[in-house]
Q: 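This is the structure, below, for whatever I ask next.
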Amino acid sequence: MDLIYAEATPPGRGGVSIIRISGNGSRAVAERLVGPMPEARHAYLRMIQDDSGLVDQALVLWFANEQSFTGDETVELHLHGAPVIVRRVGHMLAEQGVRLAEAGEFTRRAFINGRMDLSEIEGLGDLLAAETESQRRLALRTSSGELSRMAEKWRSLLIRAGALVESSVDFADEDVPDEVPAEVFDLLDQFHTELQKQISGYAAAERIRNGFEVAIIGPPNAGKSSLLNRIARRDVAIVSDIAGTTRDIIELRIDLKGLAVSFLDTAGLRTAGDSLEEIGIERARQRASGADLRIHLSPTGVIDTSLWQPDDLAVQSKTDQGPFRPGLGVSSLTGEGLEELLETIYSVFSVRSANAAVISHDRQVNALTEAKSAVNVSADMPAELIAESIRQAAVSLDRLVGKIGAEDYLDVIFSSFCIGK
Ligand code: GDP
């Protein structure tokens, strides 16, 4: 593999800028710039020199193949954090035949060298994109290999079951049906149950990763935009007295005690005044129905029950104008009731998050669903068919960790990575 380099720290001024060089021979390249570095994983304070003289004083270290993130020999140059220095050192490396890495190329090499599997790479992508505590925790679980370890355990169940089936097949006597040992069905039951547990917790994990959605719905002038603004504590939606102002859907994403939650301000649900507004209303209804939760906002308590779903919240608006009815109420003018409302929303979502799985991507749940359906076997099936089902399930597990079919996904995943990762 050729030598690549990239700035590992964000571009711009800072205390330190780190350039990473990876590929076998990167130590030799670095030594031509800074002199000998006898020991791996030792930091050396060195002068970087070119023909014109001193370029920078840097902390330099190298990692042998098996010790590095990529699995190839890697060097880190900790430079002073100035773009001009990074550029200059980049030129020096280019002169040595080292090329600038593409987005995600370091991670791609880690995958090729077997240092990370596909699920860990997905986890790493999620970790880099994480905005909230719950996203960080979930991403850390997959990026640190929790799903990979589960897949390994599931694979060992299949291997044991497969071996037992194979040994029960009597190839000499084709007339007598083979007796598949009961242990095979116990193992496959366990496999089935464990996969089902992950599949059941997928929806919650996916919400943690992508964020929960709360639609604020109610008649025009109920105070939907004002509530959104109050939540945002800044102006994100247009507030006006003219009914039908909010034609489109305005989205506000917040970190609600560690959960990513998007609030949607929808067009007033009423009879449309014109066709443009009609489109807005229809879109609002659809989006509101698909959200995880709806706040039915109304100053009078009259709500559109056709959109009601379990856990939904009926909330009285403009409580500062009274009279206040029992239940949830909020005043966007004074802020009264807002904390209680947010707390209630948080508890609904934290209950839903409690059984979240480790799998949080479509691709992962599809592979697991495939593997689970493959082992739908029964004792009256011929042993050969059971053996084949077990092989199919193993193939789906290979897909889960990217032993097969990874290429289709890697490009998509790496498109969101930065250069240097
Ligand atoms: P929407 O059509 O449901 O989005 O309603 P708006 O947020 O645009 O509010 C409609 C009108 O009600 C505006 O004049 C707001 O200033 C007013 N309003 C909204 N919330 C409150 C509130 O909590 N108290 C009072 N007094 N007025 C409010």
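In this chain, numbering begins with 1 at the start of the sequence shown. Every number for a ligand or one of its atoms is a count from 1 in the order of the listing.
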Q: Would you check whether D265 has a nitrogen or oxygen atom less than 3.5 angstrom from a nitrogen or oxygen atom of ligand 1?
A: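 There is no such contact.
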Q: So, 4.0 Å and heavy atoms of A222: is ligand 1 close enough to count as a contact?
A: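 A222: in contact with ligand 1 (<4.0 Å).
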Q: For a side-chain hydrogen bond (donor to acceptor under 3.5 Å, both in side chains) check, start with the C-alpha distance between R285 and S306, then their side-chain angles and the critical distance, and finish with the verdict.
A: CA-CA 10 Å; R285 289 188 76 88; S306 68; 3.0 Å; yes
Q: Going by heavy atoms, is S317 under 4.0 Å from ligand 1?
A: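 S317: no contact with ligand 1 (<4.0 Å).
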Q: Report yes or no: does D292 contribute a side-chain atom to a donor-acceptor pair with the main-chain N or O of E213 at less than 3.5 Å?
A: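 Yes, the answer is positive, given that a donor and an acceptor are paired below the 3.5 Å cut-off.
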Q: Who gets closest to atom 10 (C) of ligand 1 by heavy atom: N221, I216, L227, I250?
A: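 Comparing heavy atoms across N221, I216, L227, I250, the nearest one to atom 10 (C) of ligand 1 lies in N221.
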Q: Decide whether a cation-pi geometry holds between R253 and F263; the criteria are a distance under 6.0 Å from NZ or CZ to the six-membered ring centre and an angle within 45° of the ring axis.
A: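 No, R253 does not sit over the ring of F263.
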Q: Considering G337, P219, S332, S226, which one's heavy-atom position lies nearest to atom 9 (O) of ligand 1?
A: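 Result: the heavy atom closest to atom 9 (O) of ligand 1 is in S226.
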Q: Is the side chain of N113 donor-acceptor paired with the backbone N or O of T70 at a distance under 3.5 Å, no angle test?
A: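 Flag set: sc N113 to bb T70 pair under 3.5 Å.
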Q: Which of the atoms of ligand 1 are close to Q321, meaning less than 4.0 Å from one of its heavy atoms?
A: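 Atoms satisfying the 4.0 Å criterion: 26 (N).
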Q: With no hydrogens and no angle check, is any side-chain donor or acceptor of E340 less than 3.5 Å from a backbone partner on G337?
A: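 Side chain of E340 to backbone of G337, a donor-acceptor pair under 3.5 Å: no, none is there.
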Q: By number and element, which atoms of ligand 1 are closer than 4.0 Å to a non-hydrogen atom of S331?
A: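 Every atom of ligand 1 under 4.0 Å from some heavy atom of S331: 23 (O).
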Q: Ring-plane angle category for H296 and W308, please: parallel below 30°, perpendicular beyond 60°, tilted otherwise.
A: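 Plane angle between 30° and 60°, so tilted.
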Q: Determine, for F106 and R20, whether the Lys NZ or Arg CZ falls below 6.0 Å from the six-membered ring centre while staying within 45 degrees of the axis.
A: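 The answer is yes; both the distance and angle limits are met.
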Q: Counting only nitrogen or oxygen atoms and a 3.5 angstrom limit, does V330 reach ligand 1?
A: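 No, no N or O pair falls under 3.5 Å.
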Q: If we set the cut-off at 4.0 Å for heavy atoms, which region of L333 has an atom near ligand 1: side chain, backbone, both, or neither?
A: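 Near ligand 1, L333 shows its backbone as well as its side chain.
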Q: Should you measure from each heavy atom of D320, which atoms of ligand 1 turn up under 4.0 Å away?
A: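 Heavy-atom distances to D320 below 4.0 Å select 22 (C), 23 (O), 24 (N), 25 (C), 26 (N).
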